[in-house]
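Scroll down for the structure; my scribbles are underneath it.
We number each residue from 1, following the sequence as shown.
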Amino acid sequence: MAKKLSKLAICLLILFLIVLGISAVLLWLLIENPLQDVPFTPECLDTNLAERIDCIPDELATEELCHRRQCCWRPQENSSAPSCFFPTNGGYKVTEGPTYADEGFTAKLRRLPSSSLFGYDITDILLTAEYQTTNRFHFKISDPDRKRYEVPHEHVQQLDQKAASNLSYRVEVTNNPFGIKIRRTKNNKVLFDTSIGPLQYAEQYLQLSVQLPSHYVYGFGEHVHQQYLHNMDWKTWPIFTRDAIPNDNMTNLYGAQTFFLCLEDDSGLSFGVFLMNSNAMEVALQPAPAITYRITGGILDFYVFLGNNPEQVVQEYLELIGRPFLPPYWSLGFQLSRRDYGGIEGLASVVTRTRAVRIPYDVQYSDIDYMEEKKDFTYDKENFNGLDQFAEELHRNGQRYIIILNPGISKNLTYGPYERGSRKRVWVSGPTGPIVGEVWPGPAVFPDYTNPQGTQWWVEELVQFHKELNFDGIWIDMNEVSNFLNNDSLCEPNYLNYPSFIPRILDRRLFARTLCMDAEQHWGLHYDVHNLYGYSMTIATAKAMESIFPKKRSFVLTRSTFAGSGKFAAHWLGDNDATWNDLQWSIPSILEFNLFGIPMVGANICGFASNTSEELCRRWMQLGAFYPLSRNHNGPGFVDQDPAAFGVNSVLLNSARYYLNIRYNLLPYLYTLFFRAHTRGDTVARPLVHEFYQDSQTWKIHQQFLWGPGLLITPVLYSGVDRVMAYIPDAVWYGYETNVAISQRKEWMEMVLPRDKIGLHLRGGSIFPTQEPAETTEASRKNPLGFIIALDDKKEAKGELFWDDGETRDTYGKKLYFLAEFNVTRVRQLMEFFKVFFSQLATD
Ligand SMILES: *[C@@H]1O[C@H](CO)[C@@H](O)[C@H](O)[C@H]1NC(C)=O
Ligand SMILES: *[C@@H]1O[C@H](CO)[C@@H](O)[C@H](O)[C@H]1NC(C)=O
Ligand SMILES: *[C@@H]1O[C@H](CO)[C@@H](O)[C@H](O)[C@H]1NC(C)=O
Ligand SMILES: *[C@@H]1O[C@H](CO)[C@@H](O)[C@H](O)[C@H]1NC(C)=O
Ligand SMILES: *[C@@H]1O[C@H](CO)[C@@H](O)[C@H](O)[C@H]1NC(C)=O
Ligand SMILES: *[C@@H]1O[C@H](CO)[C@@H](O)[C@H](O)[C@H]1NC(C)=O
Ligand SMILES: *[C@@H]1O[C@H](CO)[C@@H](O)[C@H](O)[C@H]1NC(C)=O
């Protein structure tokens, strides 16, 4: 009887809970009615076409849908301007505040009767603003009642609130509708103004529009941008990490980079904007000029950086997200890689033939073919028998060895790493346990690198494997994260996998070729942290390398990146194609990654996919000799493209050797640039506009670039061409080989570049530290150092040299380095000093 009663009680209790649940949902719907019919009359002024903010960014615009969203309908036949656009009323209003303090202000905002795109708008939100530094302003808009996901960044932390002084900006808040406006104090210019469109803040849709003071916008990634300067004519760029072929289709690619830089005018004054958000999003550029962010989650978390010039803006940004690692000196050498060498014999024969032609060459890679059944932490003991000795032989020759690792871990019960990871429960999981996808080794699980346990497991496996194979660096691929399984039926039809707003990403599916968005990670739902997969794997891998090489800097090369990845790793531009087109866009991409704080970057020289041609590969080797990361990498099954493959007396080989020798000669200069990137946040591969902003001709140049301030690189980027129109910025420029100053200045000239030549010019006023090249950096570092001095009009020049042993960790922090500034008037004295200094160094 008592048993029956208690059963009844339990049933009643359950019933009660169900009723309670239903009424809670009803109550919630009542309060936050997602489709509430607010009395709202859109004010549809005939705004300038260029200033219309699109109200149907997600599908084909129709009048009916436009009215349902309570926006304005004015179809415009001959314009890319949206037919359906936001009215001038709506958005949010300030209900309390702004409440000012020395360090910033806060304000409470409430949603106005307003257009709504997807419902579930959040009524009350909170604005928090901080004057973080003289040149950095931070503001975020969050939900005060319910914590939303925020990026748990490794480097960006809450500031100890101390009021910054002498602000270079002033901030104004407009109350109804809410808007925020940032002005440059010096000239009162408005740099950032959100009043151009209404703020939208819904559960899974955030929108903010920003009017800019100029059309000169650079950044956002990762994409194929055919030019470095953005086209503001109604272009929308999706940002969501994705394993995709880089082509011209405006799709999302491997990395998520939300930073952009805006050049205000020819005074050089510039500012940058960083949105700290890791959700899927798109940025729409329009000619107002304005930028609209459309984001699927998280919060609005903006940092605005003011600078007196573009370089300073990058420095401010990198101070926030973390400045780039100082690469080991050897990683600045030439690198060779391909997939499917055809076993150890094939690999060894390429190494042998490359040495035989005496080409500077520091690093050899192995792609997935070295593995046993494509499993991480194994090598194929049959086809790559003796790989461990091969690595030692590279070392004996002063060369380094880098191997690839992927996140997909073979789901194989007899495979140690899987077995140990399972015991530690480190896999990304869904409701029914670890997510199983498919990658190179077949069925695979995915480590959660955001979980400290996951990182620990990864570190242990790497440490263990290093005892078997003495590699020097790690190349991490497929970390977007990539999954070959790609079928809609694999993910539940819920609000995470199918949110009402999906940015213009490839396949218009968040989970396409990756994990379901409702998968769970330590940092949050995959929906929120997807863009951080590669970032977290990079941090874990850098940690592993620190365990393996506690004293030496190592090298991590990653495909997927986020803001701050450059603190730990280099990046290559992914699976490009052996086409002239792909040769061309490598330059804008490299310049962009320098803005993003990942200056150690390069494209696969000669192209990854497709058979390369002699002419293309020759021009690409010439340009690639001046990529910060100089790596020739080929895909499986394509014709050999290592320089020696073209024949001992080939023009390609001779030209490649010649320019790689110049690269090695200039390595002390390049290394010093990396030191400046590491300690100050300078760019290494530098767009002309950063040095010559007074000259508007430079603002859109992307077929030439600089190393730091002083070396101008002019490649040939088209087939069948031996002369190019080159821009000569406003300085004296000496031909690298001729030492003759060119007569043109601040004008375009036809530069003759026969088949074996790339344009190289030294800027007058610069002193370049050099060192006689050799076939490896280990050997070249024993050669005499020198200078190239290029005088300017006033017969002056200056430069600097950073020097250390090239691989000890944190030589800067530990002050184990040498730094010299050179001034042409005192060079002779210094030369004497150096002779003594370096002969001592060499003997130590
Ligand atoms: C649009 O373009 C077409 C063809 O160029 C032209 O005939 C028409 O007059 C234009 N309409 C408007 C509204 O400008
Ligand atoms: C304030 O900033 C201006 C411009 O950035 C600078 O010239 C001036 O020296 C600064 N003053 C102080 C007290 O820091
Ligand atoms: C993407 O662009 C390339 C040209 O770069 C083209 O060949 C290809 O068909 C396009 N793919 C899609 C899916 O549009
Ligand atoms: C698991 O790994 C073992 C050893 O490498 C291999 O022989 C076996 O075929 C693998 N099994 C599966 C299902 O992949
Ligand atoms: C996706 O999965 C469904 C159900 O398992 C299957 O019927 C369908 O063929 C799959 N589609 C593709 C493209 O693989
Ligand atoms: C690439 O070259 C190889 C070797 O010459 C040849 O077998 C293959 O068919 C070529 N592939 C293409 C796509 O042209
Ligand atoms: C270089 O020397 C000139 C002439 O002596 C001097 O005016 C200038 O300040 C010096 N520059 C540096 C950086 O020492």
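- Ion pair D58/R294 not flagged as a salt bridge, since none of the NZ, NE, NH1 or NH2 atoms sits closer than 4.0 Å to an Asp/Glu carboxylate oxygen.
- In the displayed structure, Y216 atom OH is contacted under 6.0 Å by at most 12 heavy atoms of other residues, nucleotides or ligands.
- Residues passing the ring-ring contact (aromatic ring centres under 6.0 Å, His included) test with F259, sequence neighbours excluded: Y317.
- Screening H571, H223, H225 against F593 for a ring-ring contact (aromatic ring centres under 6.0 Å, His included) leaves a single residue, H571.
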* **Residues Q694, D730; criterion side chain to side chain contact (heavy atoms under 4.5 Å, CB included); working and verdict** => CA-CA 9 Å; Q694 301 91 340; D730 191 8; over 6 Å; no
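- By the 30° and 60° cut-offs, the orientation of the rings of F260 relative to F220 is tilted.
- Nearest heavy-atom pair across V190 and K181 is CG1-CG, 3.6 Å.
- Considering only heavy atoms from C-beta on, T251 stays 4.5 Å or farther from R242 through its side chain.
- For Q704 (side chain) and Y727 (main-chain N/O), a donor-acceptor pair under 3.5 Å exists by modelled atom type.
- Taking 4.5 Å as the limit, every side-chain heavy atom of Y812 sits out of range of all side-chain heavy atoms of L326.
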* Asked: Could you walk me through whether Q226 and N231 pass the side chain to side chain contact (heavy atoms under 4.5 Å, CB included) check?
  -> CA-CA 10 Å; Q226 292 293 345; N231 178 350; over 6 Å; no
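- For E96, the CD atom is loosely surrounded, since the number of other residues' heavy atoms within 6.0 Å does not exceed 12.
- Cysteines C55 and C71 have SG atoms closer than 2.5 angstrom.
- Atom OH of Y169 sits about 6.0 Å away from atom OG1 of T133, to the nearest 0.5 Å.
- Aromatic ring orientation, F305 versus Y303: parallel (interplanar angle below 30°, classes split at 30° and 60°).
- Between F86 and Q200 there is a side-chain heavy-atom pair separated by less than 4.5 Å.
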* To do: For the pair T698 and Y693, evaluate side chain to side chain contact (heavy atoms under 4.5 Å, CB included) and give the outcome as yes or no after the intermediate values.
  => CA-CA 7 Å; T698 66; Y693 44 74; 5.6 Å; no
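- The closest donor-acceptor contact from the side chain of S114 to the backbone of G91 lies under 3.5 Å.
- Distance check: L206 CG to M281 CE gives 9.0 Å after rounding to the nearest 0.5 Å.
- Between the side chains of N135 and S168, at least one donor N or O sits under 3.5 Å from an acceptor N or O.
- One N or O on the side chain of E282 and one on the backbone of R504 form a donor-acceptor pair closer than 3.5 Å.
- For the pair H530 (side chain) and T241 (backbone), a donor-acceptor distance under 3.5 Å is present.
- T683 places no side-chain N or O within donor-acceptor distance of the main-chain N or O of R686, the cut-off being under 3.5 Å.
- In K108, the NZ atom is not crowded: 12 or fewer heavy atoms of neighbouring residues, nucleotides or ligands sit closer than 6.0 Å.
- The shortest distance between side-chain heavy atoms of L191 and L269 does not fall below 4.5 Å.
- Classification of the Y293-F302 ring pair by plane angle, with boundaries at 30° and 60°, yields perpendicular.
- Annotation: cation-pi pair R69/F118 present, NZ/CZ under 6.0 Å from the ring centroid and within 45° of its normal.
- Residues S195 and D193 have side chains that bring a donor and an acceptor to within less than 3.5 angstrom of each other.
- When atom types are taken as modelled, the side chain of H67 and the backbone of W73 share no donor-acceptor pair closer than 3.5 angstrom.
- Between P144 and L126, the shortest heavy-atom contact is CD-N, 3.9 Å.
- Note that the CG atom of L306 and the OG1 atom of T185 stand 8.0 Å from one another [nearest 0.5 Å].
- A 6.0 Å sphere centred on CG of D233 holds more than 12 heavy atoms belonging to other residues, nucleotides or ligands.
- A donor-acceptor pair shorter than 3.5 Å cannot be found between the side chains of Q204 and S500.
- A salt bridge links R146 with E203: the closest approach of a Lys/Arg side-chain nitrogen to an acidic carboxylate oxygen falls below 4.0 angstrom.
- Between the side chains of H702 and Q227, no donor N or O sits under 3.5 Å from an acceptor N or O.
- Relative ring orientation between F139 and F192 is described as perpendicular, the plane-to-plane angle rising above 60° on a 0-90° scale split at 30° and 60°.
- Interatomic distance, T236 OG1 to L285 CG, rounded to the nearest 0.5 Å: 7.5 Å.
- Residues D682 and A677 share a closest heavy-atom pair of O-CB, 3.3 Å.
- Y254 places none of its side-chain heavy atoms less than 4.5 Å from the side chain of L573.
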* To do: Starting from the C-alpha separation in whole Å, work towards a yes-or-no answer on side-chain hydrogen bond (donor to acceptor under 3.5 Å, both in side chains) for T561 and E222.
  => CA-CA 9 Å; T561 64; E222 181 173 9; 4.8 Å; no
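- When all heavy atoms of C66 and I56 are compared, the closest pair comes out as N-CD1, 3.8 Å.
- Summarising the geometry, atom CG belonging to L261 is positioned 11.0 Å from atom CD belonging to Q312; distances are rounded to the nearest 0.5 Å.
- Side-chain contact between F137 and L167 is absent, with no heavy-atom pair separated by less than 4.5 Å.
- For T296 (side chain) and A280 (main-chain N/O), a donor-acceptor pair under 3.5 Å exists by modelled atom type.
- Within a 6.0 Å sphere centred on CZ of R110, heavy atoms belonging to other residues, nucleotides or ligands number 12 at most.
- Y228 meets the ring-ring contact (aromatic ring centres under 6.0 Å, His included) test with Y218; sequence neighbours excluded.
- Considering all non-hydrogen atoms of both residues, E691 and L706 come closest at CG-CD1, 3.7 Å.
- Under the 3.5 Å distance criterion, the side-chain polar atoms of S278 are matched with a main-chain donor or acceptor of D528.
- Using a distance-only test at 3.5 Å, with no hydrogens or angles considered, no donor-acceptor pair links the side chain of T558 to the main chain of T538.
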* Which is it for Q257 and I598 under the side chain to side chain contact (heavy atoms under 4.5 Å, CB included) test, yes or no, and what are the steps along the way? -> CA-CA 11 Å; Q257 298 291 344; I598 311 177; 3.9 Å; yes
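- Annotation: side chain of M250 is in contact with side chain of W237 (closest heavy-atom distance under 4.5 Å).
- Here the straight-line distance linking atom CD1 of I196 with atom CD of E51 works out to 5.0 Å at 0.5 Å rounding.
- Between the S214 side chain and the L263 main chain, a donor and an acceptor come within less than 3.5 Å of each other.
- By the ring-ring contact (aromatic ring centres under 6.0 Å, His included) test, F105 pairs with Y100, sequence neighbours left out.
- With a 4.5 Å cut-off on side-chain heavy atoms, V151 and L532 count as touching.
- The heavy-atom pair separating F562 from M276 by the smallest distance is CE2-SD, 4.4 Å.
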